[in-house]
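The analysis underlying the following values was restricted to heavy atoms, covering all of them including side chains, and did not include hydrogens, waters or symmetry mates. Just so it is clear, the model here is predicted, and its values are computed rather than measured. Below, chain A is the first sequence line, B the second, and so on; all start at residue 1.
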Amino acid sequence: MQRFTISVFTEDFIGLLNRVSIVFTRRHLNIESITASESEVKGVHRYTIVLRTTEEQVQKVVKQLERLVDVLKAFYHANDDTIYQEIALYKLNTDAFSSGNAEMIVRQHHARILSVTKDYTVIEKTGHKEDTQALFTDLETIGVLEFARSGRVSITKPMKSLATYLNELEALN
Amino acid sequence: METTTLKNKEVLSTVLQEISGAEAVIKILLEEGVDTVFGYPGGAIMPVYDALYGYREQLKHVLTRHEQGATHAAQGYARVSGKVGVCFATSGPGATNLITGLADAMIDSTPLVCITGQVHSSLLGTDAFQETDVVGISMPVTKWNCQVTSAKDLEKVLAKAFYVARSGRPGPVLVDITKDAQFELFEYNYKSCTKVRSYIPKPRLDLSQLVFAADLINQAKKPLVLVGQGVLLAEAETELKIFLEKIGAPAAWTLLGLSALPSDHYLNVGMLGMHGNYAPNIKTNECDVLIAIGMRFDDRVTGDLKRYAKQAKVVHLEIDPAEINKNVYAHAPVLGDAKESLKALTELLVPNEHDTWLNSFRLLEEEEKKQVITPQLHPNEGELLMAEVVRRVSEATLHDAVLVTDVGQHQMVASRYFKFKNSKNSVTSGGLGTMGFALPAALGAKMAKPKQTVVAFIGDGGFQMTLQELGTIQQENLAVKIIILNNNYLGMVRQWQELFFERRYSETNISSPNFVALAGAYGIRGQRVNERVNLDEAITEMLEHDGAYLLEVMVKKEGNVFPMIETGSSVSEIRLS
Ligand SMILES: Cc1ncc(C[n+]2csc(CCOP(=O)(O)OP(=O)(O)O)c2C)c(N)n1
Ligand SMILES: [Mg+2]
């Protein structure tokens, strides 16, 4: 078992997310995180899906994804092959925040303070899951009112562009 | 006041050559070469039915008695004709009744386009009367589906629907059309679809793959060919024959590959899998090169995968990249349409013969004959057996009828003992194993091939799942020959209970109505046969009768289908008794 990032490039149609997720549920695979956004090519959407599984499974899943009529291309990468990032937001009680050793924690983790009101303070941290989790653990000593972490966004290291793949598709069709 | 505006609208629309979405649906079907539709009307699809009324001379509609029947009928139609089967259904319960047929068509790669009516777009998501999320429900069982809420999108969506359904590895497509989109007027200008940028129906042949595969085959001493439905779907029967005869390799077939190769072809060594023939199953674990063509290594074919053909190099000719290495590792994958792949591959092959290897099949065939086939076909005394009925019907139709089978013991027996001269003559529910498939599928097959004899072998259990389609057969006056092999049991399940559950016959004892009287109530002639001496005459009467006929044959109650590969066993552990 290993953590993989799957990138799925699709047309921008209603219901496609559902079709994509069925590929995983059918194989009883749990998605750790999923992020949807537009890609660098207009009209092409990209899903970034993170899951833990075996390489054999992930290969089969990627083929099943590519088989979907409205999926343009799907790839999988091990962590080493991608540059990735997640963002986490933490809401703390402002009184608790100002009384504790919050400043040290924020400094140590290179976190940012996004918003301060008389009731609450919101901190932001970007990084890998381990980093955002470590900050969470430290802040818990003060008390975290609310915590949210995004799915992974990821860029692959290989240099071939999506546009090149699209041209190849075009040529095959 | 209202009528004048309506009139004005009509005038305006004629000037602009506008038609309704509903009428466009019908016109598009005609442009796509559809001549027959199977369906059932209801509130949300009424505009389409109204439009159909105006085109009833050009487009034949068959009113089945249940929407499931419509899907299976469309499947039967598609499988024997190679064309796309088309269904109409209304929203809500009409749409949900399609699901079994969609799932069946999905797993057996049958091209269907199902059109469902949907509530008015302003009511979507409000739990309106007969609203159901059919696009959501049908997603896992369709190759593609789409909801249309404006008539302007209909042309593009339906064009894509037909293209996707029939191209590449075929499959079912569902298009859900809201009622307002059916009413909406728009300027009609249809163009069929030849390309979808995200979808490659046929992978291009790769010469290096072909060369590698050809090398393996040329060096093979003991090649075994597995023929799947891909051969039928690609209409590659001739290419298959040329390929086989060039290398002199034995060929076995999957349940859905049945009829691709004539039964009496000297290289045809029979059926694969759980209730297949003895020789090809055993030899799967002895061959040195296994050449799979358009098949997907279903577990009913492979038995225990860990002990499946481990000694062999596997060549896999397949159109769907997702099937490569899914169940069995392919040393030499050849991606492409079976017709193109076979043709190109054959050119790279050296003519060959494998007589010793072929003869080793004959020895096992003799064994199976002695222990299973002869006693099944020629029991001489005792209760009638399914096999002898099947063989008699096959002979009486000169091995040239379309065989439609339901699911259970009779299905396995019919597939084993019916013979074929021509391709696309077998229709069955393979991957899903849907009881109730045969009666509607048979009427669909008959619609597609009205001149050909269509015989349906159905169990007493399965017949009772869709017997209302007798009404459709009556209304359409279809000369379908229905043979119920009545063993008074859900036989296949009972066989497993006998073999693996200590004969605890839990809920497999099933009673039946008087089938002949039931057929009679639908105006369908029939008779019941209890004794062997009456069988031949009854078959003759059935076949000579001008019209539908129901023949009920009382067969041995606790008969078992052998050979058999038990679940978890290896193909080479196939047992003869
Ligand atoms: C819709 C559906 N329900 C249940 C089953 C499970 N099943 C497979 S074979 C079989 C028995 C079929 O009995 P019958 O139609 O009498 O045929 P026989 O096996 O006796 O020839 C059953 C219940 C099925 N395949 N399909
Ligand atoms: Mg039965």
(request) Specify which of A/Lys63, A/Lys60, A/Glu66, A/Gln64 makes the most heavy-atom pairs with chain B at under 4.5 Å. (result) A/Lys63
(message) Heavy-atom pairs under 4.5 Å with chain B: which of A/Ile22, A/Val69, A/Leu169 has the most?
(response) A/Val69
(request) Examine whether an atom of B/Pro201 lies under 4.5 Å from a heavy atom of chain A, and if so say whether it belongs to the side chain, the backbone or both; otherwise answer neither. (result) side chain
Taking [X] for its side chain and [Y] for its backbone only, find out whether a donor-acceptor pair lies under 3.5 Å.
X	Y	result
B/Glu318	B/Asp320	yes
A/Glu124	A/Arg112	no
A/Thr94	A/Tyr120	yes

Only distances under 3.5 Å count here; give the side-chain donor-acceptor pairs of residues 130-137 of chain A to other protein atoms, sequence neighbours excluded, each with its distance to 0.1 Å.
unit_1	atom_1	unit_2	atom_2	d
A/Asp131	OD2	A/His128	N	2.9
A/Thr132	OG1	A/Lys129	O	3.0
A/Thr132	OG1	A/Arg149	NH1	3.1
A/Gln133	OE1	A/Arg149	NH1	3.1
A/Gln133	OE1	A/Arg149	NH2	3.2
A/Thr137	OG1	A/Gln133	O	2.9

With a 4.5 Å limit on heavy-atom distance, are the side chains of [X] and [Y] in contact?
X	Y	value
B/Thr71	B/Asp104	no
A/Glu11	A/Leu72	yes
A/Phe97	A/Ile113	yes
A/Gln57	A/His28	no

Contact origin within [X] toward chain B - heavy atom pairs under 4.5 Å:
X	answer
A/Phe13	side chain
A/Leu172	both
A/Val71	backbone
A/Arg67	side chain

(request) State whether A/Phe147 and A/Lys91 meet the cation-pi test: NZ (Lys) or CZ (Arg) under 6.0 Å from the six-membered ring centroid, and within 45° of the perpendicular axis. (result) no
(request) Compute both the distance and the angle, then confirm whether A/Arg46 meets the cation-pi test with A/Phe9: under 6.0 Å from the six-membered ring centre, within 45 degrees of the axis. (result) no
(request) Heavy-atom pairs under 4.5 Å with chain A are the metric here; pick the option from B/Val135, B/Asn325, B/Thr142 that has the most. (result) B/Thr142
(request) For this output row, return yes or no: ring centroids of A/Phe4 and A/Phe75 closer than 6.0 angstrom. (result) no
(message) According to side chain to side chain contact (heavy atoms under 4.5 Å, CB included), who are the partners of B/Lys195, at least two apart in sequence or on a separate chain?
(response) A/Glu170, A/Asn173
(request) Write out, in numerical order, the residues from residues 144-160 of chain B with a heavy atom short of 4.5 Å from a heavy atom in chain A. (result) B/Trp144, B/Asn145, B/Lys160
(message) So if I take each residue of residues 161-169 of chain B and look for any heavy atom under 4.5 Å from a heavy atom in chain A, which residues do I end up with?
(response) B/Tyr163, B/Val164, B/Arg169
(request) On the 0 to 90° scale, with breaks at 30° and 60°, tag the B/His331-B/Tyr329 ring pair as parallel, tilted or perpendicular. (result) perpendicular
